[in-house]
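Keep in mind the model is a prediction, meaning the values are calculated, not measured. What's counted below: heavy atoms across the whole structure, side chains too, no hydrogens, waters or symmetry copies.
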Amino acid sequence: GRLLSSTLPLLVPFLAGPPGAAEQPPPLARLPPEAGGSQALASAVLPHFPRLSEALAGVLTRLLCRWSEAGAAGDSAAKGEVAPHLGPDCCELLLEALLRGRKAQSDELLAVRLRAATAVLRVLPRSAPSSTERAVRGEQSALRMADAIAGWLMDEVGPDASAASEASNKDLMPRCAVEGLDLDDRRRLAFQCVVWPLSLKILEDCPLLGPRILCFFFFCAARLPFGSAEGEVARFGEQKPALGWADFLCDVFDALVVGGAARGLRLPGPSAPEALGVGAAQALSLPICDAGRGGGSPSAPRSEQGSDAEALQSLGRMFVAACMRTVRAEDRTAAYELLVKLCAQSILEPVAGDSGLPEDVKGSALAARAFVLAEAIAFRNAASLETCNWGTQDVGRLRGTRFAALTATEMRAPLQEFAAATATRQDCGPVTKLALQQLAAMLPLL
């Protein structure tokens, strides 16, 4: 420990570069970034330092935000050369040191780590990537780091949600109670009290990152226990502590699928200066973005170029899998009803936030909502969820609306009529038409 501590002052310039040279690649970023290469070997010592100080945490955070491929995707380089950057192995080791290093849960560092995680999740390239390949690699780097952060939150911070809430100084998330809950339900509550407020804060600050934040939401949800209804009843009997899952899912749906014209699923347009659209669409081919990882349907084979329609469908599938993972197994039939009716409401009734938006944006939002509904129906059939109790279960904030009491049969008819009429309109774009056609094909199984 003493030996490592004494070498730290010599290591910082190697990691961050000399003072006053913030825009010059540090020596670490100039090493070969290949898997298992010298970059990773040089970074491997960091998780073993006896103590992570706030100052070193700041150095590592700035290093990741600026020199990971997510931050350096727009950097220029001489013809035939690759701009200096940190490879995925190196980023993973730096995050391990930052988030999981020794004394990871010390009170004075938890708030620092939460701020560092927030900064890494919202990283953007300093300038527009010069090629599609660099845009994709940049967004893939951001998604890999988001997955590592999700693992830390759910494995180490999640079980002590109230401590994480207090460490944030109340500006990141509310305080939440965990009394009377077992470990599985504490993790579910942590998801509501820690992961979701963190996601929502980033989403509101930078709506362009909607697809990345939805992926992060899914990465965290995939680490929740899936369980079975029989197991839940065996643990609690008929009396189980309430987790407020229905209102929580309404909040999530409003933020990701309704708000900002379905900002959680809608890809940034071609005018986005960071070229996030193409990067987000093709980055979803990563194995960590497979909905099967979270209990959903496995991702379908994607075309080499990764079309917008394929990206929307993948995001919709991840969204459904994440939502179903956040509730107890015995609540999934009710959660399915709620998700279907929320989708139906956003499709069949005007969405206040969509008024005044360009027609192509409205069409993209409609496509996203149709894909979510189609994926929810696919999940229901794969999981054999019953619909015989529709109209009698908790539907969150839909209570008192015309949708609350509808049965599955009554819900199907207006959706079929809408999908058939809208898909044949001349102003219906190709992605929206495809989404509505897929929805129409799935509706008989609703």
Side-chain angles (χ1 to χ4, degrees), residues 99 105 110 113-114 117-118 121 143 146-168 170 172-204 210 212-228 231-232 235-236 240-257 264 288-289 291 293-296 315 317-332 334-336 338-339 342 379 394 396:
L99 302 178
Q105 292 305 104
L110 186 53
R113 294 175 196 265
L114 286 168
T118 303
L121 284 170
L143 291 178
D147 187 48
I149 292 170
W152 168 68
L153 277 174
M154 298 307 297
D155 296 344
E156 299 193 22
V157 179
D160 193 10
S162 59
S165 299
E166 197 162 332
S168 67
K170 298 182 180 178
L172 187 60
M173 57 199 77
R175 183 177 179 85
C176 55
V178 295
E179 291 81 4
L181 302 179
D182 73 348
L183 180 59
D184 285 356
D185 279 345
R186 287 180 64 176
R187 288 166 66 84
R188 293 185 182 107
L189 188 62
F191 188 88
Q192 295 183 24
C193 295
V194 179
V195 172
W196 177 239
L198 174 62
S199 303
L200 187 59
K201 179 175 175 60
I202 299 173
L203 187 63
E204 290 175 345
R212 184 190 298 175
I213 296 307
L214 191 153
C215 289
F216 172 67
F217 181 81
F218 168 76
F219 297 155
C220 292
R223 291 170 164 88
L224 289 170
F226 201 57
S228 65
E232 300 286 355
R235 288 210 316 277
F236 294 110
K240 293 168 285 297
L243 297 179
W245 65 265
D247 287 334
F248 170 67
L249 287 188
C250 286
D251 289 341
V252 171
F253 190 89
D254 286 348
L256 292 174
V257 184
I288 57 175
C289 296
R293 177 187 179 201
L315 289 166
R317 189 169 296 178
M318 282 192 285
F319 176 80
V320 170
C323 288
M324 293 300 180
R325 193 94 180 191
T326 63
V327 302
R328 295 184 181 122
E330 63 177 35
D331 292 325
R332 282 188 201 124
Y336 169 65
L338 174 59
L339 193 53
L342 288 171
F379 182 97
D394 188 5

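In this structure, Arg325 and Gly295 approach most closely via the heavy-atom pair NH1-N, 3.7 Å. Shortest non-hydrogen contact noted between Leu203 and Gly210 is CD1-CA, 3.5 Å. Thr118 and Leu198 make their closest contact through OG1-CD1, 3.1 Å (heavy atoms, listed as atom of the first residue, atom of the second, distance). In terms of heavy-atom proximity, Gly294 sits nearest to Phe226 at O-CE1, 4.4 Å.
Two residues are said to be in side-chain contact when any heavy atoms from C-beta on lie closer than 4.5 Å; Gln192 and Pro197 fail this criterion. Residues Leu114 and Leu153 have side chains in contact (heavy-atom distance under 4.5 Å, counting atoms from C-beta outward). You'll find the side chain of Val195 reaches within 4.5 Å of the side chain of Met154, heavy atoms only. Counting only heavy atoms from C-beta outward, the side chains of Trp196 and Phe217 approach each other to under 4.5 Å. In this structure, the side chains of Met324 and Leu339 come closer than 4.5 Å at one or more pairs of heavy atoms. Counting heavy atoms from C-beta on, the side chains of Leu338 and Trp245 come closer than 4.5 Å. You'll find the side chain of Leu189 stays beyond 4.5 Å of the side chain of Asp185, heavy atoms only.
Considering CG of Leu249 and CZ of Phe253, their distance stands at 10.5 Å, rounded to 0.5 Å. Here the CZ atom belonging to Phe218 is positioned 11.0 Å from the CZ atom belonging to Arg317, to the nearest 0.5 angstrom. Between Leu214 atom CG and Leu256 atom CG the span is 5.5 Å, to the nearest 0.5 Å. Atoms CG and SG, on Leu315 and Cys215 in that order, are 5.5 Å from each other to the nearest 0.5 Å. To the nearest 0.5 Å, atom CZ of residue Arg187 and atom SG of residue Cys220 are 10.5 Å apart. Remark: Ile149 CD1 to Leu121 CG distance equals 4.0 Å, nearest 0.5 Å.
For the pair Arg293 and Asp147, the salt-bridge criterion is met [side-chain N within less than 4.0 Å of a carboxylate O]. Using a cutoff of 4.0 Å between basic side-chain nitrogens and carboxylate oxygens, Asp184 and Arg328 are not scored as salt-bridged.
Between Phe248 and Phe191, the two ring planes are perpendicular [angle over 60°; tilted spans 30° to 60°].
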Kindly determine whether Phe319 and Val252 satisfy side chain to side chain contact (heavy atoms under 4.5 Å, CB included), including the steps that lead there.
-> CA-CA 10 Å; Phe319 176 80; Val252 171; 3.7 Å; yes
